[in-house]
Amino acid sequence: MLQWFDQAGRHDLPWQHPRSAYRVWLSEIMLQQTQVSTVIPYFERFLAAFPNLPDLAAATPDQVSAQWAGLGYYARARNLHATARICVEQHGGDLPRDFDALLALPGIGRSTAGAILAQAWGDRFAILDGNVKRVLARYHGISGWPGTPAVEKQLWQQAQAHLPDSRLADYTQAQMDFGATLCTRARPACLVCVLQSDCVAFAQGRVDELPTSKPGKALPEREAIMLWLEDEQGRVLLQRRPPTGIWAGLWSLPEASDEAAARDWFDRHISGDFASAQALPDVPHVFSHYKLRIQPRRLSGLRPRDRVGEDNDLQWLDREQLRALGLPAPIRKLLDR
DNA sequence: AATCCGGGGAT
DNA sequence: ATCCCAGGATT
């Protein structure tokens with residue numbers, strides 16, 4: 001990791017030159033849940049307004065607030081200011097070089113305390129931010145959403161276990177750079193990754209599914225039967241959906257809420273034997289407000305009843321016409337198989 | 001264990 | 001539109 005960092009890490013971030021506890025602390029607070037590119041201009045303006053910790057402590061809440069405006073999570077600014085004043089009163093005007101003392105300050109948790117000690121002083125403490133969580137979850141093949149205590153505990157354990165004996169500031173920065181630029185959330189650069197040979201997720205082909213994403217609210221589940229009906233020329237029967245509701249006005253496969261309704265619809269529109277329909281594997285689809293389990297039924301070599309040809313909302317279409325159409329994604333996916 | 005805080009980037 | 005981001009505090 002250190003070797004990779006020397007060659008490919010970020011060495012020119014504003015808080016790296018010069019490196020001081022105050023600047024590291026300020027950057028760590030600003031970077032909580034906020035991306036580097038967003039923070040940089042705020043960091044520079046803030047530092048110009050309050051060059052050192054006593055300056056910040058002496059400022060009014062309004063002055064601090066003015067510098068923070070636009071960054072979000074405004075409790076961070078209030079805590080920052082409060083911490084500056086505590087440091088002036090209790091720690092001689094600087095941040096304490098002590099884990100528990102840092103942890104006791106408002107706005108500083110376990111990861112930020114570790115980051116300050118490692119970056120400012122080279123002390124041997126682990127961090128666990130979004131980058132480190134992602135790298136460790138993949139490297140060790142740790143499943144489960146990192147927001148749960150059990151998973152977070154494992155990740156902290158690994159973060160602690162990997163700590164080197166020297167170059168802690170560089171190592172800390174290396175992990176974050178690694179996660180931010182190489183082991184990224186989407187499309188990580190596994191092919192050039194120096195950890196590839198030992199990465200469990202890579203070996204198991206699970207890179208894309210780790211770390212496990214946050215579980216969304218449980219969506220209600222509905223099911224629908226969709227009829228994939230082909231005539232003797234291989235044309236597919238499509239039905240225009242009602243003007244309101246899901247996929248309003250789009251062409252889709254004829255749909256029924258259950259098996260009986262499907263048979264009933266089939267017998268009214270098609271001449272053929274519905275009992276010989278082939279059940280294809282379910283196609284799951286997620287909307288914003290519910291999950292739909294599509295149960296496809298396929299029949300081919302059908303002969304349409306006369307009425308079908310006259311119905312404006314019901315049409316037999318060949319492959320080429322289908323491609324030009326604009327089907328709902330799961331329907332297109334189903335027909336493309 | 002869940003929820004809140006928040007603007008913004010990436011997809 | 002959705003997920004996530006150098007998390008921590010509160011409930």
Side-chain angles (χ1 to χ4, degrees), chain A residues 5 9-10 13-16 19 21 23-43 46 65 67-83 99 102-120 125-138 144-153 155-156 159 168-189 208-219 246 285-291 328-329:
Chain A
F5 174 71
R10 294 179 290 194
L13 296 169
W15 40 90
Q16 295 175 318
R19 182 125 63 184
R23 293 165 62 93
V24 167
W25 166 57
L26 177 60
S27 72
E28 287 300 328
I29 301 301
M30 285 188 165
L31 287 161
Q32 287 170 2
Q33 300 298 103
T34 311
Q35 297 184 352
V36 168
S37 58
T38 302
V39 163
I40 288 177
Y42 283 89
F43 178 82
F46 200 96
S65 173
Q67 294 300 321
W68 199 273
L71 250 193
Y73 281 123
Y74 297 96
R76 292 186 296 174
R78 293 193 296 273
N79 288 333
L80 194 76
H81 196 202
T83 285
F99 183 83
L102 284 172
L103 200 57
L105 294 167
I108 299 180
R110 181 175 176 183
S111 186
T112 299
I116 292 170
L117 291 171
Q119 302 243 52
F125 287 90
I127 63 165
L128 190 64
D129 65 2
N131 289 312
V132 182
K133 286 175 182 174
R134 182 168 55 255
V135 173
L136 290 175
R138 285 175 175 164
W145 179 49
T148 65
V151 175
E152 193 176 13
K153 185 180 174 184
L155 293 170
W156 269 115
L168 267 298
D170 285 347
Y171 175 73
T172 301
Q173 187 64 47
Q175 290 174 95
M176 297 190 285
D177 291 355
F178 192 84
T181 67
L182 193 157
C183 193
T184 50
R185 178 159 68 99
R187 295 184 240 194
D208 286 339
E209 48 186 273
L210 293 176
T212 308
S213 56
K214 175 183 177 147
K217 272 186 182 173
L219 298 174
I246 206 69
H285 187 70
V286 182
F287 296 105
S288 57
H289 46 307
Y290 66 92
K291 294 183 196 175

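Being a predicted model, the structure only gives us computed values, none of them experimental. Labels below follow one simple rule: chain letters A, B, ... track the order of the sequence lines, proteins then strands, and each chain is numbered from 1.
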Phosphate oxygens OP1/OP2 of C:dG8: is one of them under 4.0 Å from a side-chain N or O of A:T112?
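For C:dG8, OP1 or OP2 has a side-chain N or O of A:T112 closer than 4.0 Å.
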Please determine whether a side-chain nitrogen or oxygen atom of A:R185 lies at a distance below 4.0 Å from atom OP1 or OP2 of B:dG9.
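No, outside the criterion.
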Measure from the side-chain heavy atoms of [X] and tell me the nearest of [options].
X	options	result
A:L31	C:dA6, B:dG7, B:dT11	C:dA6
A:S111	C:dG8, B:dC5, B:dA10	C:dG8
A:Q33	C:dC5, B:dA1, C:dG8	C:dC5
A:S213	C:dG8, C:dC4, C:dA6	C:dC4
A:R10	B:dG9, B:dC5, C:dA6	C:dA6
A:Y73	B:dG9, C:dA6, B:dC5	B:dC5

Over 60° means perpendicular and under 30° means parallel, so tell me whether A:F43 and A:W15 are parallel, tilted or perpendicular.
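Perpendicular, since the angle between the ring planes exceeds 60°.
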Is the closest side-chain heavy-atom distance between A:R10 and A:V36 below 4.5 Å?
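A side-chain contact exists here, since the closest heavy-atom pair is under 4.5 Å.
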Mapping A:Q32 and A:W145 to their closest nucleotides on DNA chain C, which lands nearer the 5' end?
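It is A:W145, whose closest nucleotide lies nearer the 5' terminus.
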Does the B:dG6 base have a donor-acceptor partner in the side chain of A:T34 within less than 3.5 Å?
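When only heavy-atom distances are counted, A:T34 does reach the base of B:dG6 through a donor-acceptor pair under 3.5 Å.
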Would you kindly check whether a donor in the side chain of A:R110 faces an acceptor in the base of C:dA6, or vice versa, at under 3.5 angstrom?
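Not at all, since no donor on one side and acceptor on the other fall under 3.5 Å apart.
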When you match A:A186 and A:P149 each to their closest nucleotide on DNA chain B, which lands nearer the 5' end?
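Looking at DNA chain B, the more 5' nearest nucleotide goes with A:P149.
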Position toward the 5' end of DNA chain B (nearest nucleotide), A:S37 or A:T148:
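Result: A:T148.
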Answer with base, sugar-phosphate or nothing: what part of the nucleic acid does A:V36 contact at a heavy-atom distance below 4.0 Å?
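Base: the residue A:V36, judged by heavy atoms under 4.0 Å, touches a nucleobase.
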Will you find, in the side chains of A:R76 and A:N79, an N or O donor that is under 3.5 Å from an N or O acceptor?
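A:R76 vs A:N79: no donor-acceptor pair found between side chains.
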